[in-house]
S.K.: 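Sharing a structure, written as structure tokens. Questions coming.
Ligands are counted one by one from 1 in listed order, and the atoms in each one are counted from 1 as well.
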Amino acid sequence: MKSRISVTGNPAYDGRPFTAFATVTPETDVASLNLNWGERDLPERERTKHVHGLHPYLGKFIPQLVEVFLRKYRPKVVCDPFCGSGTTLVEANALGIDAVGCDISAFNCLLTKVKTYRYDLRLLERSVHDILVQLDLRLQPNLFGAPQEVEESQSEYLRAWYTPEVLRQLLLYRSLISAYPYQDLLKVVLSRAARSSRLTKHFELDFPKAPVTGPYYCHKHRRTCYPVTDATAFLRRYSLDALRRIETFARIRTEARTEILQGDARSVAFPPCDMVLTSPPYVGLIDYHEQHRYAFELLGLPQSREAEIGASWKGDSQRAVETYLEDMTEAFANVMRAMPSGGVLVVIVHDRKDLYDRIAQRLGVKVEYRLQRHVNRRTGRRADAFFEDVLVWRRL
Ligand SMILES: C[S@@+](CC[C@H](N)C(=O)[O-])C[C@H]1O[C@@H](n2cnc3c(N)ncnc32)[C@H](O)[C@@H]1O
């Protein structure tokens, strides 16, 4: 059955998109807002403001979209059962709303935790700088002898995707982390540097195909580029960037509570919440573990690939679609058990296979809106444009 339950409010694409986010109140008619931002209306630096840009993540949703719906529904506790890189939790905290997030990926939970943590900024700054000094001392021959050796990595992946020197630098940094406070933040800095220093072509960072070992023509920079031979410059750059982002967020963050549950949204025990705001994984689109493979390998994080709903390696056959429908229904039914009757669910998804009306029917929710939003740039620099659905459901 293809017919949609209801399609309401597809605001005019023409005209200036809505950007007065702070003016949204419970009375605002969201269906009348033009949320079709282009790069000019909502530039990348705004979409990746403060801690949102702490680490690249493919499939993030736009913080300003989250802000609009949090301001509209003003929940006491918002839950994102597929919290990914933590956009909902960060925005909720900035608005003083308690938030719960769940994700199957240990790396995504680490990222969310690092973004929402409350730091002693001076202690953080000292740690972030000191570890770089210690790294330099160990990398360079000095008065006290030869550069420090590090234990060789057993990971085939790491040995294939890094030059021996880059891998040595990354492993040395990793070996120093345990001496510092705020180890999770240092792990995220390391991971970001590791992402940038893989032997990938610059235009393949999101989906690297094979390690590159010599010069290549780079479509992104329109010139000949070379494989990365040094990770320390990235470590330095991302350390400073992380500090700046955390300091900026510290100025607006609130005392609101944040809880992160690493687990399967189908079975995790969610605490009570009165709103769900999420962008779920879609069928056959992205492999969220593989996306951060370097981090899993380097940080030794536990993996739960099998439990990832809709992972691209599972394909998008009819069978995969049916399994996806069951998994999503189970996940939403699970989180709805933690909601009161009348609780609102906002689901943001590019529903190109028209699956979400069927999920809504299976869940027995009331569909209040089904908006479509034109997306011509997310946080990644992908030129392809598409329509994203914003579904607003009520738990009966
Ligand atoms: C579209 S992303 C969410 C992105 C998020 N809105 C953000 O802005 O970063 C979907 C997320 O669902 C997670 N996921 C997939 N299967 C899951 C499961 N069974 N339980 C919980 N999370 C899961 C993926 O790891 C991924 O992070």
Side-chain angles (χ1 to χ4, degrees), residues 47-70 78-94 99-116 188 206 258 260-270 276-293 295-296 301-314 320 323-335 345-352 356 375 378-380 382 386 388-391:
R47 302 192 313 265
T48 58
K49 61 184 175 178
H50 54 74
V51 289
H52 290 301
L54 212 48
H55 193 286
Y57 176 98
L58 195 64
K60 231 194 272 255
F61 56 14
I62 295 181
Q64 288 79 3
L65 189 60
V66 173
E67 182 182 348
V68 165
F69 286 94
L70 287 177
V78 63
C79 175
D80 187 342
F82 303 103
C83 71
S85 63
T87 311
T88 303
L89 280 73
V90 170
E91 285 303 301
N93 180 283
V100 182
C102 164
D103 205 282
I104 196 68
S105 154
F107 179 72
N108 296 350
C109 290
L110 177 79
L111 204 48
T112 302
K113 182 174 168 205
V114 163
K115 288 180 181 181
T116 52
V188 167
D206 282 342
T258 302
I260 301 153
L261 308 165
Q262 198 220 317
D264 191 328
R266 290 168 294 185
S267 53
V268 105
F270 287 106
V276 163
L277 176 44
T278 193
S279 65
Y282 205 67
V283 60
L285 213 55
I286 296 181
D287 186 333
Y288 288 96
H289 276 81
E290 189 59 31
Q291 185 190 149
H292 303 297
R293 174 86 183 267
F296 280 95
L301 299 171
Q303 305 201 27
S304 316
R305 284 171 188 271
E306 283 296 331
E308 198 182 301
I309 299 175
S312 61
W313 64 266
K314 295 180 179 171
T323 306
Y324 176 84
L325 284 167
E326 282 164 21
D327 288 343
M328 265 310 149
T329 309
E330 206 179 328
F332 280 109
N334 185 35
V335 67
L345 297 97
V346 177
V347 182
I348 296 165
V349 62
H350 173 203
D351 188 12
R352 58 197 171 112
Y356 272 75
V375 180
R378 283 195 155 197
T379 46
R382 286 176 296 156
F386 58 88
E388 181 173 77
D389 299 272
V390 180
L391 313 165

S.K.: Can you list the residues that meet the side chain to side chain contact (heavy atoms under 4.5 Å, CB included) rule with Ala331, with sequence neighbours excluded?
M.R.: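 With neighbours one apart ignored, the set is Phe82, Ala265, Arg266.
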S.K.: Quick check on contacts: which atoms of ligand 1 are under 4.0 angstrom from a heavy atom of Ala265?
M.R.: 18 (C), 20 (N), 21 (C)
S.K.: Decide side chain to side chain donor-acceptor pair (under 3.5 Å) for Tyr288 and Asp103; before the verdict, give the C-alpha distance in whole Å, the side-chain angles of both, and the deciding distance to 0.1 Å.
M.R.: CA-CA 10 Å; Tyr288 288 96; Asp103 205 282; over 6 Å; no
S.K.: Any donor and acceptor pair, going by atom type alone, linking the side chain of Lys60 with main-chain N or O of Thr48 inside 3.5 Å?
M.R.: no
S.K.: Measure from the side-chain N and O atoms of Lys314 to the backbone N and O of Glu308, and report whether any donor-acceptor pair falls under 3.5 Å.
M.R.: yes
S.K.: Given that the side chain starts at C-beta and the backbone is N, CA, C, O, which of these parts of Tyr288 lies under 4.0 Å from ligand 1, counting heavy atoms, or is it both or neither?
M.R.: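 Within the 4.0 Å criterion, Tyr288 contacts ligand 1 through side-chain atoms alone.
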S.K.: Should Ile104 be counted as touching ligand 1, given the test is an N or O pair under 3.5 Å?
M.R.: yes
S.K.: Apply side chain to side chain contact (heavy atoms under 4.5 Å, CB included) to Leu89 and Cys83, showing your working.
M.R.: CA-CA 8 Å; Leu89 280 73; Cys83 71; 3.9 Å; yes
S.K.: Taking only heavy atoms of Pro280 into account, list the atoms of ligand 1 that are under 4.0 Å away from them.
M.R.: 1 (C)
S.K.: Would you say Ser105 and ligand 1 have an N/O pair spaced under 3.5 Å apart?
M.R.: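 Min N/O separation from ligand 1 is not below 3.5 Å for Ser105.
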S.K.: Mind checking whether Ala331 contacts ligand 1 via backbone (N, CA, C, O), side chain (CB onward), both or neither, at a 4.0 Å heavy-atom cut-off?
M.R.: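 None of Ala331 does.
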S.K.: For ligand 1, does Asn108 get within less than 4.0 Å through its side chain, its backbone, both, or neither, judged by non-hydrogen atoms?
M.R.: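 Within the 4.0 Å criterion, Asn108 contacts ligand 1 through side-chain atoms alone.
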S.K.: Would you check whether Pro281 has a nitrogen or oxygen atom less than 3.5 angstrom from a nitrogen or oxygen atom of ligand 1?
M.R.: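 N/O-N/O distance under 3.5 Å: no.
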S.K.: Per the side-chain contact (heavy atoms from CB on, under 4.5 Å) rule, which among Thr116, Val100, Thr112 passes with Thr258?
M.R.: Thr116
S.K.: Using heavy atoms and a threshold below 4.0 Å, how should the contact between Tyr57 and ligand 1 be classified: side chain, backbone, both, or neither?
M.R.: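 For Tyr57, only side-chain atoms sit under 4.0 Å from ligand 1.
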S.K.: Taking distance alone, with no angle check, do Ala307 and ligand 1 share an N/O pair under 3.5 Å?
M.R.: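 Between Ala307 and ligand 1 (N or O atoms, distance only) the closest approach is under 3.5 Å.
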S.K.: Polar-atom distance check: Asp80 versus ligand 1, any N or O pair below 3.5 Å?
M.R.: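 No, Asp80 has no N/O under 3.5 Å of an N/O on ligand 1.
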S.K.: May I ask you to decide if Val268's main-chain N or O and Asn334's side chain share a donor-acceptor pair within less than 3.5 Å?
M.R.: yes
S.K.: Below 3.5 Å, N or O to N or O, backbone or side chain included: is there any such pair between Asp264 and ligand 1?
M.R.: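 Min N/O separation from ligand 1 is below 3.5 Å for Asp264.
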S.K.: Give me the atom names and distance for the closest heavy-atom approach of Ala92 to Ala99.
M.R.: CB-CB, 3.8 Å
S.K.: Is the shortest distance from a heavy atom of Gly310 to ligand 1 less than 4.0 Å?
M.R.: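 Outside the 4.0 Å threshold, so no.
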S.K.: Look only at interatomic distance and state if Arg266 has a nitrogen or oxygen under 3.5 Å from any nitrogen or oxygen of ligand 1.
M.R.: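 No.
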S.K.: Below 3.5 angstrom, do we get any N/O pair linking Gly59 and ligand 1?
M.R.: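 No: no nitrogen or oxygen of Gly59 is under 3.5 Å from one in ligand 1.
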S.K.: Using distance alone, determine whether Thr87 and ligand 1 share an N or O pair under 3.5 Å.
M.R.: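 Yes, at least one N or O pair falls under 3.5 Å.
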S.K.: Check for me whether Ser304 has a heavy atom closer than 4.0 Å to any atom of ligand 1.
M.R.: no
S.K.: For ligand 1, which atoms sit closer than 4.0 Å to a heavy atom of Gly263?
M.R.: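 Going through ligand 1 atom by atom, the ones under 4.0 Å from Gly263 are 20 (N), 21 (C).
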S.K.: Starting at CZ of Phe270, measure out to CG of Asp80 and round the result to the nearest 0.5 Å.
M.R.: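 Answer rounded to 0.5 Å: 9.0 Å.
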S.K.: Under the salt bridge (Lys or Arg N to Asp or Glu O under 4.0 Å) rule, collect the residues that match up with Glu290, sequence neighbours excluded.
M.R.: Arg293, Arg305
S.K.: What are the two closest non-hydrogen atoms of Gln64 and Arg47, and how far apart are they?
M.R.: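 Taking every non-hydrogen atom into account, OE1-CA, 4.1 Å.
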S.K.: Measuring from non-hydrogen atoms of Ala311 to any atom of ligand 1, is the shortest distance under 4.0 Å?
M.R.: no
S.K.: Give a yes or no on whether the ring-centroid distance for His55 and Phe107 is below 6.0 angstrom.
M.R.: yes
